[in-house]
Amino acid sequence: MFNLFKKVVESELYSPVKGKMIPLSEVNDPVFSEKMMGDGCAFVFDGDTIYAPCKGEIILIANTRHAIGIKAENGAEILIHIGLDTVNLNGKGFEVLVKEHDKVKAHDPLVRLDRAFMKENKVDLTMPMVITSSDYVIELDEYGDKEVSSRVLKVKKK
C-alpha cells in the first residue's frame with residue numbers, strides 16, 4: 001500500500017563530475033583498465049568538485065583523501081578513485097567535504113580539488129568509478145560528455 005518496506009533492487013548512478021565518461025579500458029592503470037577492482041567507467045573532467053553519484057552512505061574515506069567509498073541504497077559498494085597515483089600526494093590537494101557514515105543524496109558535494117596544485121604536480125586526474133561488490137551487475141549508459149545530472153549506469157544484484 002505505501003511501499004515503506006519495498007527493497008531497493010536497482011540503483012541509478014549519476015556522473016560525479018561534469019566531463020567525459022570513458023571506458024575503464026582507457027584508464028592508464030591496469031588495476032582499473034583490467035577491472036581488478038570491479039566494473040564501471042571513468043571520467044576526464046576540468047572542474048574542482050566531485051559529487052555523490054547516488055543516494056547512499058559514505059563507507060570509506062582513504063586517509064590520503066584520494067578515494068571515497070559509497071554504499072548505494074541497494075547495497076552495492078562504489079569506489080570513486082580521484083586520479084591515478086594520487087595516493088602519493090598524501091592528501092595534499094584534496095578537501096573532503098563529508099565524513100564516514102554520512103548519508104548522502106545524488107549530487108551532494110564529496111571532495112573539492114586544488115586544481116592548480118594538481119596541474120603543478122602533473123597529476124593525471126582520470127577518475128575511475130567502479131562497483132567493487134562482485135555480486136552486482138552493471139548496465140552502462142553511452143560514453144561521452146556528461147553533466148552531474150546525467151545518469152551513467154544502473155547497478156543491480158545478480
Side-chain angles (χ1 to χ4, degrees), residues 1-47 49-87 94 96-111 113 123-158:
M1 169 162 120
F2 290 106
N3 289 329
L4 291 175
F5 302 104
K6 188 177 175 187
K7 188 165 174 71
V8 176
V9 178
E10 181 178 275
S11 287
E12 293 187 336
L13 273 62
Y14 297 88
S15 181
V17 292
K18 180 181 179 191
K20 185 177 180 187
M21 177 176 143
I22 62 172
L24 280 179
S25 60
E26 292 182 17
V27 175
N28 194 20
D29 182 332
V31 170
F32 296 106
S33 64
E34 295 175 18
K35 301 182 182 178
M36 292 179 205
M37 298 284 293
D39 202 357
C41 56
F43 300 88
V44 177
F45 66 104
D46 291 325
T49 305
I50 288 72
Y51 298 90
C54 62
K55 184 175 183 181
E57 178 183 355
I58 304 298
I59 57 170
L60 167 85
I61 299 172
N63 60 1
T64 51
R65 299 183 241 169
H66 75 288
I68 300 262
I70 300 170
K71 186 175 210 168
E73 283 188 296
N74 69 348
E77 294 183 358
I78 303 144
L79 176 70
I80 298 174
H81 194 280
I82 308 164
L84 305 179
D85 298 323
T86 46
V87 67
F94 298 102
V96 178
L97 307 171
V98 291
K99 300 183 299 303
E100 281 188 20
H101 308 296
D102 279 359
K103 305 285 189 220
V104 294
K105 299 182 305 296
H107 322 307
D108 283 352
L110 301 177
V111 178
L113 302 174
V123 175
D124 180 344
L125 285 175
T126 301
M127 185 176 66
M129 180 173 77
V130 297
I131 308 306
T132 58
S133 309
S134 59
D135 52 342
Y136 286 78
V137 293
I138 69 166
E139 183 183 308
L140 287 165
D141 289 1
E142 279 187 45
Y143 297 111
D145 292 336
K146 301 294 178 185
E147 298 291 329
V148 173
S149 60
S150 302
R151 188 185 79 182
V152 295
L153 65 86
K154 289 192 278 190
V155 59
K156 59 186 169 188
K157 199 135 174 97
K158 285 183 181 176

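Numbers here simply count residues along the sequence, with the first being 1.
- Here Thr126 contributes atom OG1 and His81 contributes atom NE2; the two are 11.5 Å apart, rounded to the nearest 0.5 Å.
- Without hydrogens or angle criteria, Asn74 side chain to Val155 main chain gives a donor-acceptor distance under 3.5 Å.
- Of all heavy-atom pairs between Ile58 and Lys99, the closest is CB-O, 3.5 Å.
- Heavy atoms only, all atoms of each residue included: Leu79 and Ala67 are closest at CD1-CB, 4.0 Å.
- A distance of 12.0 Å separates CD1 of Ile138 from NZ of Lys156, quoted to the nearest 0.5 Å.
- In this structure, SG in Cys41 is found 11.5 Å from CD in Glu26, a value given to the nearest 0.5 Å.
- Residues Pro128 and Leu24 share a closest heavy-atom pair of CB-CD2, 4.1 Å.
- The closest donor-acceptor contact from the side chain of Lys158 to the backbone of Ser134 lies under 3.5 Å.
- From Glu100, atom CD reaches atom CD of Glu57 across 9.0 Å, with rounding to the nearest 0.5 Å.
- The structure places OG of Ser15 at 13.0 Å from CZ of Arg151, a figure rounded to the nearest 0.5 Å.
- Residues Thr86 and Arg65 have side chains not in contact (no heavy-atom distance under 4.5 Å, counting atoms from C-beta outward).
- Of all non-hydrogen atoms in Met129 and Tyr14, the two that sit nearest each other are CE-O, 4.3 Å.
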Derivation and outcome, side chain to side chain contact (heavy atoms under 4.5 Å, CB included), residues Leu140 and Met21: CA-CA 10 Å; Leu140 287 165; Met21 177 176 143; 4.0 Å; yes

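- For the atom pair NE2 of His101 and CD1 of Ile61, the computed distance is 9.0 Å after rounding to the nearest 0.5 Å.
- Environment of CG in Asn28: sparse, with no more than 12 heavy atoms of neighbouring residues, nucleotides or ligands closer than 6.0 Å.
- A side chain to side chain contact (heavy atoms under 4.5 Å, CB included) with Pro53 is found for one member of Val104, Val148, Val152, Ile80 and no other, namely Ile80.
- Scanning all heavy atoms of the two residues, the minimum distance from Val17 to Met127 falls at CG1-CE, 3.5 Å.
- By the 4.5 Å heavy-atom criterion applied to side chains, Ile50 and Ile82 are counted as neighbours.
- Scanning all heavy atoms of the two residues, the minimum distance from Pro30 to Met36 falls at O-CE, 3.6 Å.
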Chi angles and distances behind the salt bridge (charged side-chain N to carboxylate O under 4.0 Å, His left out) call for Glu139, Lys154: CA-CA 5 Å; Glu139 183 183 308; Lys154 289 192 278 190; 3.6 Å; yes

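- Listed for the Ser133 side chain is a donor-acceptor partner under 3.5 Å among the backbone atoms of Glu77.
- A 4.5 Å side-chain heavy-atom check between Phe94 and Leu113 finds at least one atom pair inside the cut-off.
- For the side chain to side chain contact (heavy atoms under 4.5 Å, CB included) criterion with Leu110, the lone passing option out of Val98, Asp102, Val96 is Val98.
- Here the side chain of His107 pairs no donor or acceptor atom with the backbone of Pro109 at under 3.5 angstrom.
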